[in-house]
Amino acid sequence: MSESRIHCAALGAKIMSADEAAALIPSGVNVGMSGFTGSGYPKAVPAALARRIEAENARGQRFRIGVWTGASTAPELDGALAKVDGIEMRLPYQSDPVCRERINAGEMEYIDIHLSHVAQFVWFGFLGKLDVAVVEVAGILPDGRLIPSSSVGNNKTWLEQADKVILEVNSWQNSRLEGMHDIYYGTQLPPHRKPIPLVGAADRIGEPYLRCDPGKVIAVVETHSPDRNSAFSAPDENSRRIAGHILEFLQHEVKKGRLPADLLPLQSGVGNIANAVMAGLNEGPFENLTAYTEVLQDGMLEMIKSGKLAHASATAFSLSNEALAELNADLDRYRERIVLRPQEISNHPEVIRRLGVIAMNGLIEADIYGNVNSTHVMGSKIMNGIGGSGDFARNAYLSIFMTPSQAKGGAISCIVPMVSHVDHTEHDVQVLVTEQGLADLRGLSPRQRAKVVIDNCAHPDFRPALRDYHERALAHGPGRHTPHLLGEVFDWHLRALRGERM
């Protein structure tokens, strides 16, 4: 353990072990935990709580809690608690395989919710009482203010709304993160809301520290544990082709005068395709770019390093070990170009629309009319959750969704007659991209969109069947505006469920 980062005497008096802190969390409560895409989550207390729950269950005492976070966390939190059946309700986003299994088995309740809605729903009282907050920080100042960690997420709301607070002070986090954050305390409840005074991605409208009433803090735990830093795969051919289509489209938009030469602020979802797009932009013709996104990944960090990206706003990091080493090696310079905000600001519809964000997100499947499913496999099995994609898609200047055209070795088409679950309606989807091509859906009727999606985005192996379906729906469907054959619209999914090729 390195030198203590707890410089407040009142909170220093509350230092205890993770097991002692976990013993202060009773069964049946709602716990708001820090963490967003594997960054800034508490490492020690959840693991200790899982051990306690396992022991209680062994004695026949059922012990479960509600777990609220910013987004996904890590096996030490979600996985550990799910493994011992310790989670009654989970929200708003998860990516843990044990959680996913329990949710899809009906053994854990799960609320999938837009990330921008979480903080305000807690303030509104829509989700019930928040009993305890467990929040990781990088340090505590003498006056009790908290240095945020590698993610901000919903931490501001957790600290304000929870009756009791447990702090994990993680000395593994780089102390030079101090000053990178911008915590805005100007939000209010209706009818007293005011415009958020943010007009540029680099603007700072708050303060660099989190506030917390010291009287609510019941425990302080010192840790020295790393974030879950996941490696990204090198861009494959499909990812490079998708990136190429998007770059060509953006250049076309600039030529048409619909985008400025330095584009508009970029938002990018998490994953290998998103990183491939960033790599393409890093090699492309655009200069002096900005980003207003929720997660800063390897690709954006590389763009800042190269000078292509002047500023980036996010709520969390999601970096590989190599990118993290790069960040730490030159953190003073990166701190001048990166700002981490609460997710209620990073994902705020008002700000996204004002800035004119270019939103680029992944999907599970899209249909021929432009509806997108980004959360469910075969209509009823949750994958991770909607995350922030809806916040950006609904309010972006340009809403782009991207995916390979097929999955499972070609057994499944990612372009289908009708999506089995709708997260983003055709009204929020402007552009679809696969390795096959790009479909610009702006200004097109449903029947026109179907032709463009099939011709440009579907894999050649599935195009004939999609055209056949659409032509028969045009001839025999109950309506001609958005033609469907209701008796067979999900036949593709039913074949896949039988283990057959779509």
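All values derive from a computational prediction rather than experimental measurement.
Without hydrogens or angle criteria, Asp131 side chain to Asn30 main chain gives a donor-acceptor distance under 3.5 Å. Without hydrogens or angle criteria, His181 side chain to Ser149 main chain gives a donor-acceptor distance under 3.5 Å. A distance-only check finds a donor-acceptor pair linking the side chain of Asp182 to the backbone of Ile205 [under 3.5 Å]. In this structure a side-chain-to-backbone donor-acceptor pair under 3.5 Å is present from Arg52 to Ile25. In this structure, the side chain of Thr315 engages the main chain of Arg341 through a donor-acceptor pair within 3.5 Å. A donor-acceptor contact shorter than 3.5 Å links the side chain of Asp112 to the backbone of Ile386. No donor-acceptor pair closer than 3.5 Å links the side chain of Ser151 to the backbone N or O of Gly153. With hydrogens and angles disregarded, a donor-acceptor distance shorter than 3.5 Å links the side chain of Arg335 to the backbone of Arg176. In this structure a side-chain-to-backbone donor-acceptor pair under 3.5 Å is present from Arg102 to Ala82. Of the possible polar contacts, none joining the Gln267 side chain to the Ala396 backbone as a donor-acceptor pair under 3.5 Å is found.
Side-chain contact of Tyr41 with Glu168: a donor-acceptor pair under 3.5 Å is absent, judged by distance alone. Using modelled atom types, one finds a donor on one side chain and an acceptor on the other under 3.5 Å when comparing Gln173 with Ser150. Under the 3.5 Å distance criterion, with hydrogens and angles disregarded, no donor-acceptor pair is assigned to the side chains of Tyr184 and Glu207. Inspection of the Asn373 and Glu365 side chains reveals an N or O donor paired with an N or O acceptor under 3.5 Å. Remark: the Asp423 side chain and the Thr375 side chain contain an N/O donor-acceptor pair separated by less than 3.5 Å. Between Asn328 and Asn174, the side chains place a donor N or O and an acceptor N or O closer than 3.5 Å (distance only, hydrogens not considered). Residues Ser389 and Asn361 have side chains that never bring a donor and an acceptor to within less than 3.5 angstrom of each other. Of the N and O atoms on the side chains of Ser320 and Asn229, not one donor lies less than 3.5 Å from an acceptor on the other residue. His348 and Ser116 form no side-chain donor-acceptor contact under 3.5 Å, judged by distance and modelled atom types alone.
The side chain to side chain donor-acceptor pair (under 3.5 Å) test applied to Ser95 returns no partner, not counting sequence neighbours. For Ser405, the side chain to side chain contact (heavy atoms under 4.5 Å, CB included) partners at least two apart in sequence or on another chain are Thr434, Glu435, Gln436, His459. Residues that satisfy the ring pair (Phe, Tyr, Trp, His ring centres under 6.0 Å) test with His424, not counting sequence neighbours, are Phe401. Qualifying side chain to side chain donor-acceptor pair (under 3.5 Å) partners for Glu426, counting only residues two or more places apart in sequence or in other chains: Arg449. Tyr110 pairs by the ring pair (Phe, Tyr, Trp, His ring centres under 6.0 Å) definition with nothing, not counting sequence neighbours. Taking the side chain to side chain contact (heavy atoms under 4.5 Å, CB included) definition, one finds that Met383 meets it with Arg100, Ile364, Val377, sequence neighbours left out. Partners of Phe317 according to the ring pair (Phe, Tyr, Trp, His ring centres under 6.0 Å) rule, which considers only residues two or more places apart in sequence or in another chain, do not exist here. Residues satisfying the side chain to side chain donor-acceptor pair (under 3.5 Å) test with Glu101, not counting sequence neighbours, are none. For the side chain to side chain contact (heavy atoms under 4.5 Å, CB included) test, residues two or more places apart in sequence or in another chain that qualify with Asn395 are Pro349, Ile352, Arg353. By the side chain to side chain contact (heavy atoms under 4.5 Å, CB included) test, Pro214 pairs with Leu11, sequence neighbours left out.
One finds the NZ atom of Lys43 at 10.5 Å from the CZ atom of Arg228 (value rounded to the nearest 0.5 Å). Note that CD1 of Ile87 is 8.0 Å distant from CD1 of Ile103, once rounded to the nearest 0.5 Å. Atom NE2 of His7 sits about 8.0 Å away from atom CG of Leu141, to the nearest 0.5 Å. The CD atom of Gln161 lies 4.5 Å from the CH2 atom of Trp123; values are rounded to the nearest 0.5 Å. Gln61 contributes atom CD, which lies 9.5 Å from atom OG of Ser27 (distance to the nearest 0.5 angstrom).
For Glu54, the CD atom is loosely surrounded, since the number of other residues' heavy atoms within 6.0 Å does not exceed 12. Within 6.0 Å of the NZ atom in Lys216, the count of heavy atoms belonging to other residues, nucleotides or ligands exceeds 12. With a 6.0 Å radius and a threshold of 12 heavy atoms from other residues, nucleotides or ligands, Arg394 has its CZ atom at or below the threshold.
Here salt bridge (Lys or Arg N to Asp or Glu O under 4.0 Å) pairs that include residues 9-30, with residues two or more places apart or in two chains, are Asp19-Arg51. Within the structure, every pair that satisfies the salt bridge (Lys or Arg N to Asp or Glu O under 4.0 Å) test and touches residues 491-502, not counting sequence neighbours, is listed here: Asp461-Arg501, Arg498-Glu500.
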>> Between Thr73 and Asp96, is the side chain to side chain contact (heavy atoms under 4.5 Å, CB included) condition met? List the steps.
In response: CA-CA 8 Å; Thr73 61; Asp96 183 80; over 6 Å; no
>> Please determine whether side chain to side chain contact (heavy atoms under 4.5 Å, CB included) holds for the pair Tyr209 and Glu178, giving the CA-CA distance in whole Å, both sets of side-chain angles, and the decisive distance to 0.1 Å.
In response: CA-CA 8 Å; Tyr209 305 105; Glu178 184 176 0; 2.5 Å; yes
>> Applying side chain to side chain contact (heavy atoms under 4.5 Å, CB included) to Trp158 and Val165, what does each step give before you reach the verdict?
In response: CA-CA 8 Å; Trp158 296 167; Val165 173; over 6 Å; no
>> Before you tell me yes or no, could you show the steps for Ile400 and Gln430 under side chain to side chain contact (heavy atoms under 4.5 Å, CB included), namely the whole-Å CA-CA distance, both residues' side-chain angles and the distance that decides it to 0.1 Å?
In response: CA-CA 6 Å; Ile400 301 171; Gln430 296 173 332; over 6 Å; no
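Taking the six-membered ring where tryptophan is involved, the planes of His117 and Phe121 are essentially parallel, since the angle between them stays under 30° and well short of 60°.
Glu344 places a side-chain heavy atom less than 4.5 Å from the side chain of Thr187. Residues Asp78 and Val98 form no side-chain contact, since every pair of their non-hydrogen atoms from C-beta on lies 4.5 Å or further apart. For the pair Met33/Pro46, a side-chain contact is recorded, criterion being any heavy-atom separation below 4.5 Å from C-beta on. Side chains of Val135 and Leu159 form a contact here, defined as non-hydrogen atoms less than 4.5 Å apart. Two residues are said to be in side-chain contact when any heavy atoms from C-beta on lie closer than 4.5 Å; Ile113 and Val118 meet this criterion.
Between His484 and Tyr369, the distance from one ring center to the other falls under 6.0 angstrom.
Screening Asn154, Val31, Leu127 for a side-chain contact (heavy atoms from CB on, under 4.5 Å) with Trp68, the sole residue that qualifies is Leu127. Pro42 pairs in a side-chain contact (heavy atoms from CB on, under 4.5 Å) with only one of the listed residues (Leu77, Thr69, Val221), which is Leu77.
Across every non-hydrogen atom of Pro226 and Glu76, the tightest pair is O-OE2, 4.4 Å.
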